[in-house]
Visitor: 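Handing you this structure, nothing more for now.
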Amino acid sequence: MAEVEYNFAKIEEKWQKRWERDGLFRNRREDRPPFYVLNMYPYPSGVLHMGHFLNYTLGDVMVRYKLLRGYNVLSPIGWDSFGLPAENAAIRTGTPPHEFTEGNIARMRGQMRRAGWGFDWGRELATSHPDYYRWTQWFFLKFHERGLVVKKNAPVNWCSSCQTVLANEQVKNGECERCGSQVGQKDMNQWFFRLSAYAERLLAGHDELRGKWPDAVLAMQEEWIGKSEGAEVEFRIKETGEPIPVFTTRPDTLWGVTFLSVAPEHPLLEKLLPGSPRETEIREAIRGMRAGGTSAREQAEREKEGIFTGFHVINPVDGGVAPLWIANFALMSYGTGAVMGVPAHDQRDWEFAEKYGLAVRQVIRAPNASGPEAWPEAFTGAGEIVNSGPFSGEPDNFEAIPRIIEWLEAEGRGRRKTNYRLRDWLLSRQRYWGAPIPIIYCDRCGLVPVPEKDLPVLLPADIDFARGSGNPLARAKSFVDAACPACGGPGRRETDTMDTFVDSSWYHIRFADPRNDRACWDAAKAAKWLPVDQYIGGIEHATMHLMYARFFAMALRDLGLVDFSEPFTRLFCQGMVCKLAYRCDDCKWLPAEEVGIVGPGGDPVPEEEARTLFKRMENQGLDEAGLAAEGFRAVCARCGRPVRFEMTKISKSKLNIVDPDAIMDRFGADTVRLYMLSDAPPDRMQIWTEDGINGAWRTLTRLWRLVMEGLERISPPGTPIPATLDGVNRSLRRKTHQCVRKVTESIEGGYQFNTAIARTNELLNLLRGVRDQAHPAVMRETLEVVILALSPIIPHFADECWSRLGHSGSIFEESWPECDEAAAREEETEIPVQVNGRLRARLTVPPDLPPGELERRALSDSRIRDWLAGKTVAKVVTVSGRLVNILAK
RNA sequence: GGGGGCGUGGCGGAAUGGCAGACGCAGGGGAUUUAAAAUCCCCUGGCCGCGAGGCCGUGCGGGUUCGAAUCCCGCCGCCCCCACCA
């Protein structure tokens, strides 16, 4: 007697052990082509969240699918284990960061195994282990040798809460990406990777990635690189003769310059201001401009502000004199820090000129337009060039730009220039829990790299985190004191550590050879597996990790360490996992249990009615307005204020978390996996509902019963399918093989598991209807196809069914089913017949019926003749195998 | 302001030039049950009609086409990213 209950706990544990025992994911199939699937590795926070669950399930489904497609699959996992949370925990609790981190890793490892993800645990790595960060340090030295690392003074983003500098990419809306506090500006001497030197190559690489990476990611990177072409023109200070280069994308408006503005931190000011008559007043204004809030929100709305310096500039194109201003909108970080002001043809300059009463000089004439006096704003379109020396009269100013640049170069007044918004990557952090930068400062020799043989520079263990402030490394005398490698004299170690994005810029390559202690990796092993064939992760890394890792690959290629420049051939970005969250009007998030529903009189509705309303909120999008329309209100159980609903990413702070462990306890991993993939395409937002997970459970148990009942009537494995079958069985086989084709297309066409699951559901619905008439061999075939097709998604379930169907060995050692075209061919098709574009009848015909015959049958159909009565047929459109459209008047 | 994405039932979504709403959730009805849960069967875009059936319908307005959710033009709305970038 077959076991009727679907005992997921037993089944899942059994197969996880067996896969582990048999080394299913240890890429041992050397006879097969290699395929490298990688999920972005996690930070070991200590607990898996639903976002991880979707991410790693997707990766695992791809891994298992590729196994079935006959590849030798590499599917490694590791830990992005350096970073602030561990250090903050150490300050709070006194637990050393490595202990905290190892504990978290152990816990998450357990959760991961339980979810059934097939990782090659033999390759596990953690970036905070010395045998890993030793190589992070080694790369730093190699990059340093090549001039790709520089130490320079620069205004940097400073997070006072994290007590560290941040990369531009880590500042979101002027706030620290990690802790959310306001980021300020500070001048500091810091370490940088020369990311900007790779701007053009990073951009050029997009040609290779287009179509294989999401458009949105490429667009974001393009924007971040921010290439713009124009000219650099040399203005001069009239009073001192000092040169002042200016970048412009509009050299066609050079004759319209009526002022020039520089950034408040422009170095030229230090030469001009001392002793100048308005020095104190101007310095005061500069302080005001620099002190203003740095958040982007504030900046966007910030009023344009400036002050006249008392100095003037000479325009190189015509010798004209214009006042030199300091303006808060001029940024030292872009171009040359100096902007020419052309109010007539630039909206920002227009506003500035209007505010300070500066001159407006028209140099482009709009087609049939009046002069600038009558304009409500700057004219930025194309027109005829006027008042511009040799170029006056040119009909299209944009087309004249290249000729103007040539003229500037010929005359020695400027030159062609391409500018990028991309900044160098600030890699140093004033924190303990990161890879120490391997540099020693010596009073005699200066800045000395740590010799390779002395790597790794280990993090000291004897740190008292609970006491003191700032970087704990700077307080560790045993660490700081070090002999100069060059002269042997006393030296001081660099106490900054590296941004954790340095660690994650090369981990994907280390996975090819993770235990190598003589080199970062063996070249042959790296060449075998890399680049990563399929990378999977969140889109939030578009301009950070994904840009840095590309830069690293290019730099490593230049060092001769790898043979590719693009590390990730294909990229897939999964959507967010969202769930309804509740917010009380005083801006506090509430757990669902603390939301009450009251009726028109203000008294609570009965519990059962409330439950129904909550269900409708979850499942039918019932919102505050809908609730109000029915006379109800949602209120905070604590303070009685109104509660608003918001569909938002599952997170601790929004109090809408779903604990993966608790869900796996109730339903098992396979149910969660099925649910996560069955509703929406995986790159879209996924909405978590209680009913949704129940539905997936129902689907699985129904399938389980169907298979268990089927076991009693199907033929043994390997029984051939009879050559002649009745209509029901021919039809079942046809749908079975069509299902194979459609599922394969759904997966290959962009991992659309939702439609793949829909296709197997259709087949199962059909099988349930005809199972009493199904031939034992045909029924086996159908069940096996469904189990195989779903196996990447519900692996434990599938392997258990597979073995109960009488197979030995794991289903993942089988091959993906193939569509038998002969069996899948339709015997007859239904052809819609339209009259004047409206569906009026359906004909059942053989699929290969010639168009002429199809047309004849359509016209002679009785229903169609009724519709055509009293009309004349003007034209008949016949698409063979698809439809007939009759045009009649 | 710029860039990317999206707009289809009560909800998630399917259909990428040819039968709109696959598959699922929620809802309704029935069977089973002492009852409930679970399970099984049927119905479920709107309007009209006893019914056969008809009409309307993919954000709005126009266009191309025998035929448009799908392609083109113009609007409206939502989400995400960047944003005083010279």
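Keep in mind the model is a prediction, meaning the values are calculated, not measured. Below, read A as the first sequence line, B as the second, and so on, with proteins coming before strands; counting in each chain starts at 1.
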Visitor: With a 3.5 Å cut-off and heavy atoms only, can you find an N or O donor on one side and an acceptor on the other between the side chain of A/Arg759 and the base of B/rA22?
Guide: yes
Visitor: Does a side-chain N or O from A/Arg702 land closer than 4.0 Å to OP1 or OP2 of B/rA38, or not?
Guide: no
Visitor: Measure from the side chain of A/Tyr334, starting at C-beta and using heavy atoms only, and say which of B/rG54, B/rA86, B/rC25 lies closest.
Guide: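 Nearest nucleotide to the side chain: B/rA86.
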Visitor: Give me the distance, rounded to whole Å, that separates B/rC25 from B/rC19 when you measure between the P atoms they each carry.
Guide: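 Rounded to whole Å, the distance is 26 Å.
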Visitor: Looking only at atom C1', what distance separates B/rG17 and B/rC66, rounded to whole Å?
Guide: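 Comparing C1' positions in B/rG17 and B/rC66 gives a spacing of 12 Å.
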Visitor: For A/Trp688, which contact category applies under a 4.0 Å heavy-atom criterion: base, sugar-phosphate, or nothing?
Guide: nothing
Visitor: Could you check whether A/Glu607 pairs with A/Arg611 (Lys NZ or Arg NE/NH1/NH2 to Asp/Glu carboxylate O, under 4.0 Å)?
Guide: yes
Visitor: Is there a Watson-Crick or G-U wobble partner for B/rC6 with both distances under 3.5 Å, and if so, which one is it?
Guide: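 Across any shown strand, B/rC6 pairs with B/rG77.
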Visitor: Should A/Asn754 be listed as having a side-chain N or O under 4.0 Å from OP1 or OP2 of B/rA14?
Guide: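 Yes, A/Asn754 has a side-chain N/O under 4.0 Å of OP1/OP2 on B/rA14.
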Visitor: Checking base pairs now: Watson-Crick or wobble, both atom distances under 3.5 Å. What partners B/rU65?
Guide: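 Check on B/rU65: unpaired, no WC or wobble geometry under 3.5 Å.
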Visitor: How far does the P atom of B/rU16 sit from the matching atom of B/rG7, given to the nearest Å?
Guide: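 About 14 Å, rounded to a whole number of Å.
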Visitor: Would you indicate what A/Ala330 reaches in the nucleic acid, counting non-hydrogen atoms under 4.0 angstrom: base, sugar-phosphate, or nothing?
Guide: base
Visitor: Scan A/Asn419 against the nucleic acid and name what it touches under 4.0 Å (heavy atoms): base, sugar-phosphate only, or nothing.
Guide: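 The residue A/Asn419 makes no contact with any strand.
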Visitor: Rounded to whole Å, please give me the gap between CZ in A/Arg616 and P in B/rG28.
Guide: 11 Å
Visitor: Quick one: does A/Asn885 reach the base of B/rC66 with a side-chain donor-acceptor pair under 3.5 Å?
Guide: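 Present.
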Visitor: Tell me whether the OP1 or OP2 atom of B/rG24 has a side-chain N or O from A/Asn619 closer than 4.0 Å.
Guide: no
Visitor: Return the pairing partner of B/rA83 with a 3.5 Å limit on both distances, Watson-Crick or G-U wobble; otherwise return none.
Guide: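 Its partner is none (no Watson-Crick or G-U wobble pair with both distances under 3.5 Å).
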Visitor: Counting heavy atoms from C-beta on, name the nucleotide in B/rG10, B/rG12, B/rC66 closest to the side chain of A/Val877.
Guide: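 In terms of side-chain proximity for A/Val877, the closest of B/rG10, B/rG12, B/rC66 is B/rC66.
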Visitor: Looking at B/rC66, B/rG10, B/rG54, which one has an atom nearest to any side-chain atom of A/Lys875?
Guide: B/rC66
Visitor: Using a 4.0 Å heavy-atom cut-off, does A/Leu887 contact any base of the nucleic acid, only the sugar-phosphate backbone, or nothing at all?
Guide: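 Sugar-phosphate: the residue A/Leu887, judged by heavy atoms under 4.0 Å, touches backbone atoms but no base.
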Visitor: On RNA chain B, check which nucleotide each of A/Ala758 and A/Thr612 is closest to and give me the residue with the more 5' one.
Guide: A/Ala758
Visitor: With rounding to whole Å, what would you report as the distance between B/rU8 and B/rU70 at their C1' atoms?
Guide: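 Here B/rU8 and B/rU70 have their C1' atoms 11 Å from each other.
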Visitor: Between A/Gly621 and A/Ala338, who's closer to the 5' end of RNA chain B by nearest nucleotide?
Guide: A/Gly621
Visitor: Any strand is fair game: report the nucleotide pairing with B/rG53 by Watson-Crick or G-U wobble, both distances under 3.5 Å, or none.
Guide: B/rC48
Visitor: Taking B/rG9 as the reference, what is the distance to B/rA14 when you measure between their C1' atoms (whole Å, please)?
Guide: 13 Å
Visitor: As a test of reading the structure: which of B/rU39, B/rG3, B/rA15 is closest to the side chain of A/Arg705, going by heavy atoms?
Guide: B/rU39
Visitor: Is A/Asp691 paired with A/Lys615 through a side-chain N to carboxylate O contact shorter than 4.0 Å?
Guide: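 The answer is yes: the pair qualifies as a salt bridge.
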Visitor: At less than 3.5 Å, do the side-chain atoms of A/Lys304 and the base atoms of B/rC84 form a donor-acceptor pair?
Guide: yes
Visitor: Taking atom C1' in both B/rC60 and B/rA69, what distance in whole Å separates the two?
Guide: 14 Å
Visitor: Could you tell me whether the side chain of A/Asn694 and the main chain of A/Glu690 form a donor-acceptor pair under 3.5 Å?
Guide: yes
Visitor: Taking the P atom of each, how far is B/rC78 from B/rA31, in whole Å?
Guide: 49 Å
Visitor: Using a 4.0 Å heavy-atom cut-off, does A/Pro214 contact any base of the nucleic acid, only the sugar-phosphate backbone, or nothing at all?
Guide: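 Nothing, no heavy atom under 4.0 Å.
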Visitor: Are A/Tyr675 and A/Gln686 side-chain neighbours, meaning at least one heavy-atom pair lies under 4.5 Å?
Guide: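 Answer no - side chains too far apart.
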Visitor: What I want to find out is whether A/Arg771 reaches A/Glu709 closely enough, with some N-O distance under 4.0 Å, to be called a salt bridge.
Guide: yes
Visitor: Looking at every strand, decide which applies to A/Glu223 at a 4.0 Å heavy-atom threshold: base, sugar-phosphate, or nothing.
Guide: base
Visitor: Just the rounded figure in Å: distance from P of B/rC85 to CG of A/Asn328.
Guide: 12 Å
Visitor: Rounded to the nearest angstrom, tell me the gap between atom CD in A/Glu762 and atom C1' in B/rA14.
Guide: 10 Å
Visitor: Do the side chain of A/Arg423 and the main chain of A/Arg421 share a donor and acceptor less than 3.5 angstrom apart?
Guide: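 At least one qualifying donor-acceptor pair exists.
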Visitor: What is the distance, rounded to the nearest whole Å, between atom CZ of A/Arg840 and atom P of B/rG18?
Guide: 20 Å
Visitor: Nearest whole Å is fine: how far is B/rC82 C1' from A/Arg421 CZ?
Guide: 7 Å
Visitor: Mind checking A/Arg838 for me? I need base, sugar-phosphate or nothing, with any heavy atom below 4.0 Å counting as a touch.
Guide: sugar-phosphate
Visitor: Rounded to the Å, how far apart are A/Lys227 NZ and B/rG3 P?
Guide: 18 Å
Visitor: Pair A/Trp697, A/Arg666 - check side chain to side chain contact (heavy atoms under 4.5 Å, CB included), show working.
Guide: CA-CA 10 Å; A/Trp697 167 255; A/Arg666 279 169 63 198; over 6 Å; no
Visitor: Picking from B/rA26, B/rC81, B/rG13, which would you name as closest to the side chain of A/Met220?
Guide: B/rC81
Visitor: Out of B/rG13, B/rC19, B/rA86, which nucleotide sits closest to the side chain of A/Glu830?
Guide: B/rC19
Visitor: Please classify the nucleic acid contact of A/Ser678 as base, sugar-phosphate, or nothing, using heavy-atom distances under 4.0 Å.
Guide: nothing
Visitor: Counting the atoms with a prime plus P, OP1 and OP2 as sugar-phosphate, which does A/Arg842 contact under 4.0 Å by heavy atoms, base, sugar-phosphate, or nothing?
Guide: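 Answer is base: heavy atoms of A/Arg842 come under 4.0 Å of a base.
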Visitor: Between atom CG in A/Asp679 and atom C1' in B/rG12, what is the gap in whole Å?
Guide: 5 Å
Visitor: Say you pick atom P in B/rC71 and the same atom in B/rA15; how far apart are they, in whole Å?
Guide: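 Going atom to atom, P in each nucleotide, I get 14 Å.
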Visitor: Atom NZ in A/Lys227, atom CG in A/Leu422: separation rounded to 0.5 Å?
Guide: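 CG of A/Leu422 is found 12.5 Å from NZ of A/Lys227.
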Visitor: Checking A/Thr736 against A/Thr782: is there a side-chain donor and acceptor pair closer than 3.5 Å?
Guide: yes
Visitor: At under 4.0 Å, does any side-chain N or O of A/Arg882 touch on OP1 or OP2 of B/rC66?
Guide: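 Result: no.
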Visitor: By the rule that syn is within 90° of 0, classify the base conformation of B/rG9 as syn or anti.
Guide: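 It is syn.
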Visitor: Given atom CE of A/Met289 and atom P of B/rC84, what is their separation to the nearest angstrom?
Guide: 16 Å
